[in-house]
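Structure first, then comments.
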Amino acid sequence: MFCCVGREHTISAEGSSRSHDAHAKDLNDRLVEKILCAVGEIPEGGKSEFEVNGTKIVVIFDRGKYYGIGAYCPHLKGRLINGVYRNGFIRCPSHGAKYDVSTGDIEDFPTFNCLPTYKVFQRGNYVVVETRESSLHSLASTDWTAAIPSSSNSPLQQTIIVIGTGPAGLTFVETLRKLGCTKKIEMITQEFELPYDRTMLNKKYIANATEGRLHDEEWYSRMNVEVRTNTRVLYINPKNKTLVLSNSSCMYYSKLFIAMGCVPRKLSVPGGKLANICYLRTMQDSVHLWNRAKGANVVCIGGSFIGMEAASVLVGVAESVTVVCTTEEPLPAFGRDVGAALRKYFDRKGIRVITRGRIEYLSGSEMGAVEAVHLVDGEILPADCVVVGIGVHPDTDILQTSGFPVSNNGYLIVDEEMRVEENIWAGGDMTQFPLALWNIPDAHIEHFQVAQKHGQIAAYSLMEQKCTKDIIPFFWGRFFDALSLKFSGRSGFNEDYLGTLLHGDLANFEFTKYYFKDDFVIGVASAGPSNAAVDFIDLFARKIKVTRREVEQNITDHWIDWRSS
């Protein structure tokens, strides 16, 4: 139910949970039972894909037991038949999400939904699946019970408030409910939308502002979570446990989680405030970009993921697309060889990437709309629309005025439990945190999956329960809806690594690149069919050190069973 309070939008949520069996009964579900194959057709440790009533499932046979799971990762529908299976867990080959194959539970991000599971067993000489019709039509499962709000006589004092609705904030809320938290939860966001997948803003065409939502309104109702949209927090008073909001009202909290993220850096050159200069921060920004870009001459300023991914999506939408980057090649953190290969691939797709480019100024029409981008070398690029992706800075201004511990470069400082101080935690892009596996006390990493891990760790800490605090950075990029690039390990390392080794074909973007420090792998990038970057998530988590010599010897780039234990 939506209700407006002044200019603020509030999504109120009060509901009760229902079991899966009750849901199935309501739908008059019928039991589905089907023979899949003969015993022995799925080898030990292997997996096979089957179709049941029009739905594909994957069956894994391991140590005498069968496991049935959904065929597609709930995150972005990666095919799990190509996933990495090991010791009861499967990782999506696309983006590394990890699931327990017996329960479907999330073991690692990026994902917000559990994996559907099915009862698979041996009957005589055959392998049989047994499930309900409704289960076959669900790509994801959130079949865990929502907590009932506290019945405390002082409900305001029992409220947990979350500032920010990005991946850190939403994962924090989900994890609290999964751990049995019964307190009232309220989320506050400056945006007009329910939480959505921000990584999609520059990866796909966005038709309207409701695309990419991570959960629908009914989910928040079931989870008893209230979301206040179009609302900004102006001040935090930890002593009194209060927040001052943009409408001058106050809110009280018992516990607080802060995850306001980062904001885009703005152009500082003359003409930088002309109309139709787009910064991709919100869903509305993305909708505006795609509407403006149709049939237009588009210039993307910045050669990192935002600029390059946006440029690739605009092919066929815009009249022309040009990328201007200041570095020797795009994606500089991966090395000049990877950047050059990507630049040449873009050229084949009709996108010019200008390297070592310097913007002198932007010129516009009498109506104040951008018309051209002027480079220092004198070249003039026609531009009806400009996309700017030149980095971000943490959104921590109110935290500094509220007296929170902020680093010299503006990041909110947290400990290994994501705690700021008593009753306050924080996570996501705006934080500086310990990255224990690499002995880095002051890391700040702007990855979707890392933000989710922050939210999980903070929720466990609030509930005084233990969880692994190891954070293994992983991120991905996608170009032209076909070319994928994945990375795991020590990110932001372009000044840290002391050597690299490349396997595969750079020209066709089918390769694995290893980054070394002190003769050990600290990061892995892979593109095309290689799963090496996904494999190394587990190697890093298991604290297995891989040497340069071992990489040279392993020409297959297959690592999941490396030094199995």
Side-chain angles (χ1 to χ4, degrees), residues 106 109 112 147 150 156-189 195 223 225-228 233 235-244 251-262 394-407 410-436 441-471:
I106 300 168
F109 306 104
F112 283 94
S150 170
L156 287 177
Q157 299 306 314
Q158 296 299 315
T159 301
I160 297 173
I161 292 181
V162 179
I163 306 175
T165 54
L170 186 56
T171 303
F172 176 76
V173 168
E174 285 199 349
T175 307
L176 286 179
R177 288 297 188 235
K178 290 178 183 180
L179 295 175
C181 175
T182 60
K183 291 185 177 181
K184 181 180 179 181
I185 299 177
E186 294 194 34
M187 305 183 77
I188 301 173
T189 177
M223 295 298 111
V225 175
E226 184 176 296
V227 182
R228 291 175 178 257
V233 176
Y235 186 76
I236 303 172
N237 188 330
K239 183 177 180 180
N240 297 329
K241 294 185 177 180
T242 58
L243 311 176
V244 178
M251 291 184 70
Y252 297 86
Y253 65 85
S254 61
K255 311 288 182 183
L256 179 66
F257 183 72
I258 307 170
M260 297 184 295
C262 289
D395 188 9
T396 54
D397 289 349
I398 70 160
L399 302 181
Q400 297 184 51
T401 59
S402 299
F404 285 91
V406 176
S407 69
Y411 292 90
L412 180 61
I413 300 171
V414 298
D415 64 15
E416 64 174 4
E417 292 190 336
M418 309 309 297
R419 190 189 301 271
V420 181
E421 57 183 68
E422 186 178 6
N423 299 314
I424 300 178
W425 292 259
D429 296 356
M430 58 175 282
T431 58
Q432 178 176 293
F433 60 95
L435 194 59
D442 54 358
H444 54 86
I445 298 173
E446 294 143 14
H447 299 167
F448 192 90
Q449 168 259 15
V450 170
Q452 287 179 288
K453 185 64 178 177
H454 287 176
Q456 181 192 57
I457 292 171
Y460 270 86
S461 176
L462 185 151
M463 296 295 288
E464 298 182 350
Q465 297 188 33
K466 293 182 178 181
C467 76
T468 175
K469 299 178 182 63
D470 289 338
I471 297 173

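As the structure is a prediction and not an experimental result, all values here were calculated from the model.
- In this view, T396 satisfies the side-chain hydrogen bond (donor to acceptor under 3.5 Å, both in side chains) rule with no residue, not counting sequence neighbours.
- No side-chain heavy atom of M260 sits under 4.5 Å from any side-chain heavy atom of L412.
- For the pair I445/L435, a side-chain contact is recorded, criterion being any heavy-atom separation below 4.5 Å from C-beta on.
- If you run side-chain contact (heavy atoms from CB on, under 4.5 Å) between I258 and each of I236, V162, V233, only I236 comes through.
- In this structure the side chain of C181 reaches within 4.5 angstrom of the side chain of I160, judged on heavy atoms.
- Looking at residues two or more places apart in sequence or on another chain, you find a ring-ring contact (aromatic ring centres under 6.0 Å, His included) between F433 and H454.
- For T242, the side chain to side chain contact (heavy atoms under 4.5 Å, CB included) test picks out N237, N240, Y252, with sequence neighbours left out.
- Aromatic ring pairs are classed by plane angle as parallel below 30°, tilted from 30° to 60° and perpendicular above 60°; the pair H444 and Y411 is parallel.
- Listed by chain and residue number, T189 satisfy the side-chain hydrogen bond (donor to acceptor under 3.5 Å, both in side chains) test with T165 (two or more places apart in sequence, or in another chain).
- Residues satisfying the side chain to side chain contact (heavy atoms under 4.5 Å, CB included) test with A458, not counting sequence neighbours, are F172, F257, M418, W425.
- Applying side chain to side chain donor-acceptor pair (under 3.5 Å) to S461 and the options R419, E416, K469, K466 leaves one that passes, R419.
- Contact of the T171 side chain with the F112 side chain is registered, since non-hydrogen atoms from C-beta on lie closer than 4.5 Å.
- The salt bridge (Lys or Arg N to Asp or Glu O under 4.0 Å) test applied to D397 returns no partner, not counting sequence neighbours.
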